[in-house]
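Values reported hereafter were calculated over all heavy atoms of this structure, with side chains retained and with hydrogens, waters and symmetry mates removed.
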Amino acid sequence: NNVCPVEYRLPLNPNGAKDSDNEFDVEVNSNSWTGTDSAAALASNLKLPSSGYRSNGGDTSAYEGVYGIYWNGSAITGGEGQDFYFGPYTDTLDHSPRAYGYSVRCIKK
């Protein structure tokens, strides 16, 4: 179930690499990522807006402008998906139920 247009894909852990090799994590550790807040995410090479999210139990979104959570293309066992999370105090890879309404950032293959 690829949500991206033809010739684009979600960021992932290339060839099953460890989390520190995830394309989101590599970006965070590059010189273009200067902090964990919304301004740093938007100023990075990925230009990530703090889009907030929609939980799996509701129909409204929350935390727009504060947190950004983006689905990653790497699979997690147990019915969850891997995501990249950033906000005022942290940026990290995490995992969540696939029913959550997180944003996606498609990158060219």
Side-chain angles (χ1 to χ4, degrees):
N1 294 338
N2 189 356
V3 299
C4 298
V6 174
E7 297 195 20
Y8 286 81
R9 62 175 173 75
L10 293 175
L12 46 75
N13 290 28
N15 301 316
K18 60 187 185 290
D19 286 348
S20 62
D21 292 330
N22 177 273
E23 291 171 314
F24 278 131
D25 208 47
V26 167
E27 174 65 22
V28 167
N29 292 314
S30 74
N31 291 333
S32 80
W33 195 273
T34 59
T36 62
D37 63 2
S38 299
L42 197 56
S44 75
N45 289 333
L46 292 175
K47 308 290 185 230
L48 298 172
S50 297
S51 54
Y53 68 95
R54 180 189 52 79
S55 72
N56 62 347
D59 59 356
T60 59
S61 57
Y63 298 107
E64 297 95 344
V66 180
Y67 296 102
I69 309 176
Y70 288 80
W71 284 120
N72 174 327
S74 299
I76 298 289
T77 59
E80 294 195 338
Q82 191 174 48
D83 58 80
F84 172 69
Y85 168 94
F86 64 87
Y89 307 107
T90 189
D91 50 57
T92 189
L93 292 172
D94 200 2
H95 55 89
S96 301
R98 292 182 183 157
Y100 277 75
Y102 296 162
S103 299
V104 295
R105 172 61 59 153
C106 298
I107 59 175
K108 191 139 176 102
K109 291 182 181 178

Over all atoms of both residues, closest heavy-atom pair of [X] and [Y]:
X     : Y      : value
Ala40 : Trp33  : O-CE3, 4.5 Å
Pro49 : Arg105 : CD-NH2, 3.4 Å
Asn72 : Pro11  : OD1-O, 2.9 Å
Asp91 : Gly35  : OD2-O, 4.0 Å

Task: Any donor-acceptor N/O pair, Trp71 side chain to Gly73 backbone, under 3.5 Å - done: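 Side chain of Trp71 to backbone of Gly73: no pair is present.
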
Task: Side-chain donor or acceptor of Ser38 paired with backbone N/O of Gly65 under 3.5 Å - done: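 Pair found, side chain donor or acceptor close to backbone of Gly65.
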
Task: Spacing of Ser103 atom OG and Ile69 atom CD1 [to the nearest 0.5 Å] - done: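 If we round to the nearest 0.5 Å, Ser103:OG and Ile69:CD1 are 8.5 Å apart.
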
Task: From Tyr100 atom OH to Glu80 atom CD, the distance as rounded to the nearest 0.5 Å - done: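 If I round to the nearest 0.5 Å, the distance is 9.0 Å.
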
ILVMFWY cluster, [X] and [Y] together (side-chain gap under 4.5 Å):
X     : Y      : answer
Tyr53 : Val3   : yes
Phe86 : Leu42  : no
Tyr70 : Ile107 : no

TODO: Might you work through the side-chain contact (heavy atoms from CB on, under 4.5 Å) test for Phe84 and Leu48, ending with a clear yes or no?
DONE: CA-CA 11 Å; Phe84 172 69; Leu48 298 172; 4.1 Å; yes

Task: Test side-chain contact (heavy atoms from CB on, under 4.5 Å) applied to Ala62 - qualifying residues, sequence neighbours left out - done: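 With neighbours one apart ignored, the set is empty.
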
TODO: Can you label the angle between the Tyr67 ring and the Tyr63 ring as parallel, tilted or perpendicular, going by 30° and 60°?
DONE: perpendicular

